[in-house]
Structure formats: structure tokens, C-alpha cells
Amino acid sequence: MIMVAVGASALLFPGTASASAYPVEDAPDLTNNSLYAAGKLPDAACVKPAKGKTLASVKKHVNAVISCLDDTWGSYLKGANLQFVPVRVEMTDKYKTDCRGRTLSPKKSAAFYCGGHANFIVQIRSDWIKASDDVQIFAQLSSAYGEHVLNMVDIAEAYNALHADDGEEISEQLRRYNLQAQCISGVTARSLWPALGYPAKDAKRLADLAKAGADKGVISVFGKGANLAYWVKRGYSTGNPKSCNTWTAPSGKVA
């Protein structure tokens, strides 16, 4: 799944165009994707039910946010003559691993995307039920939905088709992909934030949550926490997928 275009991010990284150890070449679905020409994601028009502190109310809340994600991105992608496929949501507490074999905590909620069939799997644990607000929930849902967007516009397919000469290059390509999905989650937040009733001051928490998660994780997957926070902030500040072209960014921005 691929469709990208070159040159879209040059204006975003003045003076650093040549600073890439592993430049991505001959992959227009990544570097010059049609998504980059679609413009800003419009403000969403959704109504979010209160989260509440019961399993039923959290499920209702999650379904409403995902519906808003589908409605907003669906209208946007269709308007740009790009493919849109609504996600298929599955909520369960039965999984011990996700679709990529990663172990799931029995105490922590999670949302993850299984691209092949557009499956959106959500596990709701006590942390989401007891949480005083739902920013953490939105952060995980929008992050997973970022992968869905990349899948719909063929960036995922193009990424999977990339050639790499060594492990370092493979890791950098993986980081470019994951950081782009996180940047798209920032774009999503910019669109949905007011409609879903989040205070403007809480927007910073998205980048903070992303940074904290990256700092605890494997650097080869998401890179440094500061870089992950940078891409989330970038997506949120512009509200435009064009700003999320990690494929032409210098290596230092995806390290």
C-alpha cells in the first residue's frame, strides 16, 4: 500500500536536505504521496459522550471517538479522490498478545491496528475505566488510526516494498514509518480536539505521552522520545498530512 511524493517536505527542513544517511529513493508513494496534496484535515463535527467510569460507558466513548475518526478522515479522503475503508472495531479482554505477537499487559488498556483487514482492536482495562479524563484514550486511538491512514493511501504497502542493505537502514525505514503514523495522529488531534471538547491546554499532553512511551520503548522502533514528540507536535501544529512526510526528512529527525 503505497503512494508518496518527493520534495513535499523540503520547505520544512531548511538547510538539512542532504543530511540523510539512508535516503529513500524511487518510492514516489512514500516521498510524494497524493495524501500530501490533499490539504489540511478540516475541523471535525462530532459529539463525544462523557467517558464515565464503567466498562459500558468507556466502550460507548471509544466507539464514538472511532466513529468520529472514520467520519472525519472518510470525508477528507473521499474528497481528495483517495481510498477510504472504515475500520472494523473489535473490543475484547481475551487477547494476551496483539496481532504482531507483542505481549499485552493484563492491567493496561490498549488500542492496536491490524492492517491487512483494517481491524481496530481495543482492550479496555481498569486504567481507562478509572481515569479522570480520556486524553490517554484518545492518544492511543488516534495513534492506531494513523496506521490505518497510511494503509489506506498505500504508504504501508510502499514501505513494505522498500529495499535495505543492512540492519541500520531497516531500522531507519521502520522509524520513518512509525513516526509518520504518529505525526498523522497529531493531525487528527488538531481536527478533533475542539469537537470532542478537549481543553486546548491538554494538547501538549499528547506529545508528552508519546515521548514518555518512546523513552520506555525500543529506539529502533520509534526513535528518540524527543523526535517522536517533535513529529506529534508537527502534525498538530499544521493540521496537514503534508507536514508528516518523514520519508524526505533528514536522518537526525528520525533517529
Side-chain angles (χ1 to χ4, degrees), residues 9 12 35-36 38-51 58 61-77 79-80 84 86-87 89 109-113 120 122 128 131-153 155 177-215 217 222-223 225-246 249 253:
S9 66
L12 301 172
L35 177 66
Y36 307 154
K40 292 183 67 172
L41 184 66
D43 290 345
C46 309
V47 177
K48 177 195 70 172
K51 179 184 76 69
V58 174
H61 172 83
V62 168
N63 276 323
V65 173
I66 293 174
S67 177
C68 184
L69 289 166
D70 270 345
D71 289 346
T72 304
W73 277 101
S75 176
Y76 173 79
L77 292 174
F84 172 73
V87 293
V89 183
S109 302
F112 50 96
Y113 178 68
F120 209 80
V122 181
W128 280 9
S132 59
D133 64 36
D134 55 334
V135 174
Q136 173 69 61
I137 298 175
F138 180 84
Q140 291 203 39
L141 295 177
S142 63
S143 174
Y145 205 90
E147 290 190 64
H148 183 49
V149 172
L150 300 189
N151 195 27
M152 289 188 288
V153 299
I155 285 176
Y177 179 80
N178 284 330
L179 289 170
Q180 184 170 38
Q182 296 305 308
C183 183
I184 291 294
S185 77
V187 171
T188 299
R190 177 62 176 263
S191 170
L192 273 64
W193 211 248
L196 296 183
Y198 295 109
K201 62 181 178 62
D202 281 349
K204 181 179 180 297
R205 288 179 58 195
L206 292 176
D208 292 342
L209 287 167
K211 182 180 184 302
D215 286 340
F222 285 106
N227 276 342
L228 180 52
Y230 165 82
W231 285 104
V232 173
K233 290 178 182 177
R234 184 182 179 86
Y236 185 87
S237 65
T238 66
N240 192 329
K242 179 180 180 180
S243 69
C244 297
N245 186 353
T246 57
K253 286 298 183 184

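We're numbering straight along the sequence, starting at 1.
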What residues, two or more places apart in sequence or in another chain, satisfy side chain to side chain contact (heavy atoms under 4.5 Å, CB included) together with [X]?
X      : result
Ala189 : Phe138, Trp193, Leu206, Tyr236
Asp43  : none
Asn240 : Lys40, Thr238, Lys242
Ala80  : Ala38, Leu82

Okay, side chain of [X], backbone of [Y]: is any donor-acceptor separation there less than 3.5 Å?
X      : Y      : answer
Ser237 : Arg234 : yes
Gln140 : Ala111 : yes
Lys51  : Ile137 : no
Tyr76  : Gly39  : yes

List the atom of [X], the atom of [Y], and the distance in Å for their closest heavy-atom pair.
X      : Y      : result
Pro42  : Ser191 : O-OG, 2.5 Å
Trp231 : Ala249 : CZ2-CB, 3.8 Å
Gly146 : Ile184 : CA-CG2, 3.9 Å
Gln182 : Ser143 : NE2-OG, 2.7 Å
Cys244 : Val187 : SG-CG2, 3.8 Å
Ala44  : Ala195 : O-CB, 3.4 Å

Residues which pass side-chain hydrogen bond (donor to acceptor under 3.5 Å, both in side chains) with [X], listed by chain and number, not counting sequence neighbours:
X      : value
Arg205 : Asp133
Ser142 : none
Trp128 : none
Tyr198 : Asp134

Could you give the distance from [atom1] ([X]) to [atom2] ([Y]), rounded to the nearest 0.5 Å?
X      : Y      : atom1 : atom2 : result
Tyr36  : Asn245 : OH    : CG    : 4.0 Å
Glu147 : Met152 : CD    : CE    : 12.0 Å
Asn178 : Thr246 : CG    : OG1   : 9.5 Å
Ser185 : Gln180 : OG    : CD    : 11.5 Å

Using a 4.5 Å cut-off on heavy atoms from C-beta on, say whether the side chain of [Y] contacts that of [X].
X      : Y      : value
Tyr230 : Leu179 : no
Gln136 : Leu209 : yes
Cys46  : Thr72  : yes
Val149 : Leu35  : yes

Problem - Residues which pass ring-ring contact (aromatic ring centres under 6.0 Å, His included) with Phe84, listed by chain and number, not counting sequence neighbours - result: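 Listed in chain order: nothing, the list is empty.
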Handout entry: Asp208: partners by salt bridge (Lys or Arg N to Asp or Glu O under 4.0 Å), with sequence neighbours left out
Key = Lys204
Problem - Which residues share a salt bridge (Lys or Arg N to Asp or Glu O under 4.0 Å) with Asp70, sequence neighbours left out - result: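 Listed in chain order: nothing, the list is empty.
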